[in-house]
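Report on the following structure.
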There are 2 protein chains.
Amino acid sequence: MKLSKRGEYGIKALIDLASRDPARGAATVKEIAAHQKIPVQFLEQIMRALKNAGILRSKPGAGGGYALAKPPDQITLGQVVRLLDGPLAPIPCVSKTAYQPCVCPDENTCGLRLTMLDVRNAIADILDNTTLADVTHRVQQAQHLTASRKLRQPSRTRSR
Amino acid sequence: MKLSKRGEYGIKALIDLASRDPARGAATVKEIAAHQKIPVQFLEQIMRALKNAGILRSKPGAGGGYALAKPPDQITLGQVVRLLDGPLAPIPCVSKTAYQPCVCPDENTCGLRLTMLDVRNAIADILDNTTLADVTHRVQQAQHLTASRKLRQPSRTRSR
DNA sequence: GACAAAGTCGATCAACTTTGTCGGGAATTA
DNA sequence: TAATTCCCGACAAAGTTGATCGACTTTGTC
């Protein structure tokens with residue numbers, strides 16, 4: 001049930017891009033890597049995959065870099081995770097995008113399959129309905145929350 | 001987001017045991033392996049782990065074998081998956097049973113973490129609230145369903 | 001045009017994990 | 001004692017993960 005580093009880094013980079021001031025133009029891999037603490041060359045590889053999938057667009061040369069190819073509310077985490085991490089389903093026989101039949105005599109009465117189908121649906125429900133825009137929005141709300149908490153309790157250490 | 005073969009085999013074996021007529025006594029690894037098409041020696045290893053965790057009990061020698069150590073409604077898939085497959089959480093910083101801090105400056109405002117927490121909760125909600133008894137019950141219902149469907153349409157090929 | 005700053009690409013690699021296998025031992029029953 | 005079954009640790013082949021590398025192409029600037 002684990003998300004790979006590839007998936008993790010990819011999502012972080014995309015969130016970084018989505019929450020970046022659009023006026024600043026494209027972001028370079030080096031910038032993002034430094035910002036998010038990701039090995040540069042590994043991230044390069046990931047960005048390429050994201051680009052080939054049509055999620056990012058890029059421009060080489062001075063002033064170049066990567067930017068989202070679509071508005072953030074049209075990029076779901078489901079797409080990204082499937083691309084970088086493979087199918088969401090815990091077992092292939094419950095995958096919608098990478099279905100593979102299993103060995104059990106009857107898929108419709110297989111206990112394992114029945115439960116894993118629930119799991120895959122729960123995961124897909126979240127990831128396919130969460131866009132980059134949703135994420136950045138949520139992050140902002142969380143930031144405001146902690147900010148206002150600080151306002152009420154200016155100094156953590158003293159107020160104990 | 002994948003379930004390992006270890007986890008898969010373990011769950012299948014447990015379901016097999018749970019849906020087995022208790023009057024027949026313990027089941028041998030060989031039987032279960034043949035029944036569920038699992039490599040015998042690999043299953044042996046898995047059953048041992050399940051036993052050491054207190055989920056199974058065993059008896060060596062002729063007439064021996066494995067049986068559930070507790071009633072099926074007291075064994076959750078969550079326990080089993082965690083034991084055989086590791087934490088449910090996609091990333092360590094949202095795990096309840098194997099928490100590890102992540103590198104991001106503030107966990108409370110990390111977009112990745114916020115969404116993955118949802119995912120981990122969705123998974124845990126299902127697996128921690130699904131017992132072996134639930135599974136076998138559901139399997140029986142599914143079997144009745146397909147059985148009654150057969151009654152209404154006795155011959156599949158002809159009724160097309 | 002030359003140069004620097006990016007992205008592009010394919011290959012390769014070490015470490016780790018997964019999925020088993022093997023050989024012998026210990027407990028239990030007949 | 002013999003057969004059966006679980007118990008245990010070691011090991012190994014194959015696959016996956018998480019990178020790294022070197023050479024190349026494209027773009028903008030002087």
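Keep in mind that this is a model prediction, so the values were computed, not measured.
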Where along residues 9-34 of chain A does a heavy atom fall under 4.0 Å from DNA chain D? Y9(A)
Enumerate the protein-to-nucleotides 24-29 of chain D contacts in which both atoms are nitrogen or oxygen and the separation is below 3.5 Å.
none

Footprint string (nucleotides 9-14 of chain C, 5' to 3'): B base within contact, S backbone only, - free, heavy atoms under 4.0 Å: BB----
Could you tell me the separation between the CZ atom of F42(B) and the P atom of dC22(C), rounded to a whole number of Å? 14 Å
Test: ring-ring contact (aromatic ring centres under 6.0 Å, His included). Region: residues 10-46 of chain A. Which pairs qualify, not counting sequence neighbours? Y9(A)-F42(A)
Pairing of E31(A) and R20(A) as salt bridge, 4.0 angstrom limit: yes
Could you state the CG-P distance from L56(B) to dC6(D), rounded to the nearest angstrom? 11 Å
Strictly below 4.0 Å, heavy-atom distances to any atom of DNA chain C: list the hits from residues 78-96 of chain B, or just say none. none
K2(B) NZ to dT17(D) C1': how many Å, rounded? 12 Å
Euclidean distance, I11(A) CD1 relative to L84(A) CG, rounded to 0.5 Å: 7.5 Å
Go through the steps to decide whether I32(B) and M47(B) satisfy the test side-chain contact (heavy atoms from CB on, under 4.5 Å), and finish with yes or no. CA-CA 11 Å; I32(B) 303 178; M47(B) 300 296 268; 3.7 Å; yes
Donor-acceptor pair, D16(B) side chain versus A13(B) backbone, under 3.5 Å? no
What distance do M116(A) atom CE and C93(A) atom SG have between them, rounded to the nearest 0.5 Å? 10.0 Å
Separation of dT17(D) atom P from I46(A) atom CD1, nearest Å, is 12 Å
From the options dC6(D), dT8(C), dT20(D), select the nucleotide whose nearest atom is closest to the side chain of S58(B). dC6(D)
Measure the distance from CD on E8(A) to P on dA19(D) and round it to the nearest whole Å. 10 Å
DNA chain D stem ranges, 3 or more consecutive Watson-Crick or G-U pairs under 3.5 angstrom: C:1-30 with D:1-30
Quick check against the 3.5 Å criterion: does R57(A) have a side-chain atom that pairs as donor or acceptor with the backbone of A69(A)? no
On the nucleotide dT17(C), are OP1 or OP2 found under 4.0 Å from the side-chain N or O atoms that S4(B) carries? no
Whole-Å distance separating the CG atom of L43(A) from the P atom of dT20(D): 12 Å
If you measure from the Lys or Arg side-chain nitrogens to the Asp or Glu carboxylate oxygens, is any gap between E44(A) and R48(A) under 4.0 Å? no
Answer yes or no: is there an ion pair linking R138(B) with D118(A), defined by an N-O contact shorter than 4.0 Å? yes
I'd like to know if V40(B) and I15(B) are part of one continuous hydrophobic network [Ile/Leu/Val/Met/Phe/Trp/Tyr, side-chain heavy atoms within less than 4.5 Å]. yes
Check: E107(A) main-chain N/O paired with R113(A) side-chain donor or acceptor under 3.5 Å: yes
Just by modelled atom types, is the L127(B) backbone N or O under 3.5 Å from a matching donor or acceptor in the T130(B) side chain? no
Residues D85(A) and K5(A) bridged, charged N to O under 4.0 Å: no
Show the nearest heavy-atom pair for residues V135(B) and G111(A), with the distance to one decimal. CG1-CA, 3.7 Å
What distance do L77(A) atom CG and L88(A) atom CG have between them, rounded to the nearest 0.5 Å? 10.5 Å
Rounded distance (Å) that lies between atom P of dC6(D) and atom CD of Q41(B): 13 Å
Assess whether atom NZ of K30(B) is packed by more than 12 heavy atoms of other residues, nucleotides or ligands within 6.0 Å. no
Calculate the interatomic distance between R57(B) atom CZ and dC7(D) atom P; express it in whole Å. 12 Å
